[in-house]
Amino acid sequence: MTKFITSGIILLPLAITLVAPFFIWLFRKNINLRETVSFVAATSTFVSVLSLVPKVLSGHIYLYHLFTLLPGITVKFCVDGLSLIFAVVASFLWIFATSYNIGYMRSLKEHAQTRYYFCFAVAIFGAIGVAFSANIFTLYLFYEIITIFTYPLVAHHQDEDAYTGARKYIVYLMGTSKLFLLPAMIMTYVLAGTLDFHLGDMVHGIFPATADPMWVTVTYILFIAGLAKAAIMPLHNWLPSAMVAPTPVSALLHAVAVVKAGVFSISRVILSGFGIQTMNALNLGIPTAYVAAFTIVAASLIALTKDDLKARLAYSTVSQLSYIIIGVTMLTPMAVTGGLAHIAHHAFSKITLFFAAGAIYVATHLKKISLMSGLGKKMPWTFGAFAIASLSMIGVPPVCGFVSKWYLVNGAVDINRVILLTALLLSTALNAGYFGPIVYKAFFEQPRPEVNITEFKEAPLTMVVPLTITAMISVLLGLYPEPFLQFIRIMMK
Amino acid sequence: MNSTWPVLTSLIAFPLVGVLILVFVQKEKWVRILTLIFGIIEIILALPLLKFKLGSSAFQFQEFHPWITQWHINYSLGIDGISYLMVLLTIILLPLCVLCSWTYIGQRIKEFHICLLLMTSACIGVFVALDFVLFYIFWEAMLVPMFLLIAIWGGPERKYASIKFFIYTLAGSTLLLVAMIAFYKQAGTFSIPDLIAADFSFRFQFWAFLAMAIAFAIKVPMFPFHTWLPAAHVQAPTAGSVLLASVLLKMGTYGFLRFCLSLTPAASVYFAPMMIAISIASIIYGGLVALGQKDMKKLIAYSSVAHMGFVTLGIFIFNLRGAEGALMQMLNHGITTGGLFMLVGAIYERSHSRDISANQGLSKFLPAYLFFFGLFSLSSLAFPGTNSFVGEALVLIGTFNKNMVMGLLAIPGALLAAAYMLRLLQKLAWGEPSAAGAQEWKDLNLREWIYLLPLAILVIYLGLAPGLALKTMDASLIQILNYVTK
């Protein structure tokens, strides 16, 4: 039996990430001090999240009730296994992203850095808030905070391209949340009388058996469409547009914090809001899995056609996010494990890829894959890490992507869904198809005549070290996936 | 103060005393300072109102004096959960209006402040009057100072705007007058509590509702009676816009609750589907038109049409959540839109233009200004955690509760609010600085901080802890809903 602990200690990571931006702003004149704030905040957030782990692993769930807006609508936080997967990943990678940020932003002499770090920290605040949400309202609140405060990051360059990309970003994310998520939340309140998640097991949801099945189904569809940060097709287009942002933003936010907030929210709503019982009774899971399967394959096909490295990575993200969705919506223990584990596994590998893309850009100002031939010799660490992370995306052992894929494939076999299985396997081939050539070009092809690579060398250490470490962690997680699997097991009990 | 102190009368009378004193003051600076002091004293005079009993639907702080006995007209005042918060809002706004006009108004300063005081007095009167005739007197009384505010201190097209405002509102009041007399002929009394208790035939209610509803719909304003509003807002000086948006519009929705639902419940039920349809049309129409505006004030004016659509929607779905949402939204719209108009006024003093294109790219020079603008914009688009979210969510919960499809129809309004407010905010914060001297503009000064901060605090407070506000209104709303659902 799950025990609930009411404790304000879970507010600590939120408090740190809430206060950090103001200190960043306060120290705007002294940039070293300002970056120190980011470091200290990231590290202490991570430590404070870690301090919650032991109790959760012993079967407890933290709860804390902060405000009551209306009866049944409260600002309330919880920490269970699922929360920790997302919170640990986001806060841990924030440390590396900060180091990387410094190298990237200073090398390129970017403008408005204080605003940049400020918004970056607020976005993490939003991500931790989403991870810790104990009800749909709190989730919605932090989800929207992420949307608003990542806008300045996407529009950072403040030129025509940035504005166009950022407009698309806000139109998709704010539009879907107003048009779909808001009514979904209100309909849940009307149908269930509460917005509080049912924590402790994944079987039961909050919708009473008497609720009209049609409206519950409509609510479900509105949730899936409203949480567009998960980038399920056809609501994925904002993600490639968001690539106009500086690369660290694409790395931490558009491979980890923002998009994972989307898939996390969908997982949370499905597992703790609807519950497997309702999902099965109304047959909602498998159709969603089919949409995810379509997204996996279609996004990979589009990725094949992109020559811009970040665009290719963006479509790869669209595709990989749907791994998580497909896992969660197959609703079997194996599949859900694979899906949720991929929240973490994809994060480590994809941030490595983006870090590498940014390092390549800082060192060479190259964006096009076709021009990157021969670069591997000049930047062995960067491309080595890139190669390892690519293997993870493809799902090759012993890198962590393989672990997720193993569980997902097992899940698909469990329920005898040939099409879902085919999509997963096809995606493996496609991933190899669009990551393989990059690595091959870099290491085994002669440099292109129009690119003079003699001057090129590795990017600053503040960038190369983080990406090497994240690549190594991807391998470690492949060899020993327990750190995140244990959180999922505690959810399954 | 003892228990027989006439709190409400003091609130109505004190601004008038202030007017008398101002007449004898010559120095312009002293006119401003004195009015500010009057505003603060008015707040102190309102402190006894904090003893308002929660959980009671009865009229409180009642005062009763016979006035014109042969017509059964009495001087009768009282407040309940519906008027309580509106009275408080009106009182808080007076000193803020003085402060936001400190440098904005440069001519006929004494007359301007007299108008402000008269407005305050009349507005409070409208909300606390318990006698139909008294209500009507205050209702008409506030027309004149508002007309003057627009006509004297307004923009270049003030003449057109002020006359349009006057004619529209007066046309509505005429119908109200007819309804009032009809009620007297039927029931032999002007007392609002007595009229609420009386029963009227459906046929009578039908016509009485129509007459009153048109008057109130003009005031709200509901589509298609809204055309006076953008003109009036754009031309009015800042304080005029603030009072217009924050208080005057609320009189329309207050009228719906106090008169239409209470006096003509059967007709309200009969007309409810139409009123709901018009409300949803207002929400969508206001949002769409706001989306296309180049003038900041016009944009906010049309957003008011949309926001007030949520209020009337909440009123006419006849459930507690909806009604709570409507009242909250009345209050919220007063706070948020009031704040936005003050901000437009503040930037107008720097750029001398209300065009969005003339006020772009402020984030680097005016961070504090943009902080407030961002906060009020987020509130205006019902961002969770701000006051408007509570109001909008309650209205939507009520609407979805009544009918899922109806609720879904109102949702695009929420989307449009995000679209036009974020577009405005984006241009203001990020656009290419268009004005040549923009770099020289000073950020908010202390005076501007002082008048914006109370509203900003209310935005957050009501957004996170609306419980107390809801408690003040619940009993009265349940009472009114009883009339229409029995």
Side-chain angles (χ1 to χ4, degrees), chain A residues 25 28 66-75 111-112 114-115 136-145 147-149 151-152 155-156 158-160 162-163 166-167 170-171 173-191 193 195 212 214-215 218-219 222 226, chain B residues 319-321 324-325 328 361 363-364 367 371 374 377-378 381-387 389-405 407-419 421-423 425-427 429-432 460-467 470:
Chain A
W25 180 76
R28 61 193 181 281
L66 199 59
F67 294 108
T68 298
L69 268 80
L70 304 167
I73 302 184
T74 56
V75 177
H111 75 130
T114 302
R115 180 183 76 200
I136 298 170
F137 172 72
T138 315
L139 186 88
Y140 177 73
L141 169 67
F142 284 96
Y143 186 91
E144 293 282 56
I145 287 176
T147 308
I148 292 284
F149 282 91
Y151 175 86
H156 183 82
Q158 289 185 256
D159 52 22
E160 202 56 45
Y163 285 134
R167 191 179 311 127
I170 199 94
V171 165
L173 295 186
M174 194 55 114
T176 50
S177 82
K178 281 278 176 198
L179 207 52
F180 306 129
L181 185 56
L182 177 66
M185 177 171 73
I186 289 172
M187 286 165 78
T188 309
Y189 184 77
V190 170
L191 292 167
L195 292 176
D212 183 343
M214 184 191 86
W215 287 114
V218 171
T219 309
L222 288 173
Chain B
N319 56 33
L320 183 61
R321 288 279 172 258
E324 281 178 344
M328 279 304 284
S363 59
K364 287 209 173 129
F371 164 75
S377 301
L378 288 183
L381 64 87
F383 193 82
T386 64
N387 55 350
F389 176 80
V390 176
E392 198 176 291
L394 279 168
V395 170
L396 287 173
I397 288 169
T399 314
F400 273 98
N401 236 327
K402 190 175 175 85
N403 185 326
M404 290 279 188
V405 177
L408 288 175
L409 283 176
I411 288 293
L415 174 71
L416 286 167
M421 283 321 293
L422 285 176
R423 174 178 158 268
L425 184 60
Q426 195 269 348
K427 291 230 159 108
W430 292 68
E432 216 35 55
I460 304 284
Y461 169 70
L462 290 172
L464 292 175
L470 290 174

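To find a chain, count down the sequence lines: A is the first, B the second, and so on, and within it residues start at 1.
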S.K.: Just wondering, are more than 12 heavy atoms of other shown residues or ligands nearer than 6.0 Å to CH2 in A:Trp215?
M.R.: yes

S.K.: Counting only pairs under 3.5 Å, give me each side-chain donor-acceptor contact of residues 409-417 of chain B, with atom names and distances, residues two or more places apart or in other chains.
M.R.:
none

S.K.: Evaluate A:Thr147 against B:Phe383 for side-chain contact (heavy atoms from CB on, under 4.5 Å), listing each step before the verdict.
M.R.: CA-CA 11 Å; A:Thr147 308; B:Phe383 193 82; over 6 Å; no

S.K.: Where on B:Leu470 is there a heavy atom nearer than 4.5 Å to chain A: the side chain, the backbone, both, or neither?
M.R.: side chain

S.K.: Using heavy-atom distances under 4.5 Å, tell me whether A:Phe137 contacts chain B through its side chain, its backbone, both, or neither.
M.R.: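 Only the side chain of A:Phe137 comes within 4.5 Å of chain B.
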
S.K.: Sort A:Ile73 into side chain, backbone, both or neither according to what part of it lies under 4.5 angstrom from a heavy atom of chain B.
M.R.: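 Interface part for A:Ile73: side chain.
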
S.K.: Is any side-chain heavy atom of A:Lys178 less than 4.5 Å from a side-chain heavy atom of B:Leu381?
M.R.: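 Answer yes - side chains close enough.
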
S.K.: What residues form a salt bridge (Lys or Arg N to Asp or Glu O under 4.0 Å) with A:Glu144, not counting sequence neighbours?
M.R.: none

S.K.: Measure distances from A:Tyr140 to the heavy atoms of chain B and classify the residue's part below 4.5 Å as side chain, backbone, both or neither.
M.R.: both

S.K.: What part of A:Arg167 is in contact with chain B, defined as an atom under 4.5 angstrom from a non-hydrogen atom: side chain, backbone, both or neither?
M.R.: neither

S.K.: Is it the side chain or the backbone of B:Glu324 that comes within 4.5 Å of chain A heavy atoms, both, or neither?
M.R.: neither

S.K.: Check whether B:Arg423 gets within reach of chain A through its side chain, its backbone, both or neither, counting any heavy atom under 4.5 Å.
M.R.: neither

S.K.: Side chain, backbone, both or neither: which part of B:Ile397 has a non-hydrogen atom closer than 4.5 Å to chain A?
M.R.: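 Looking at B:Ile397, backbone and side chain both touch chain A.
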
S.K.: Considering only heavy atoms, which portion of A:Tyr163 lies under 4.5 Å from any heavy atom of chain B: side chain, backbone, both, or neither?
M.R.: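 Just its side chain gets close to chain B.
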
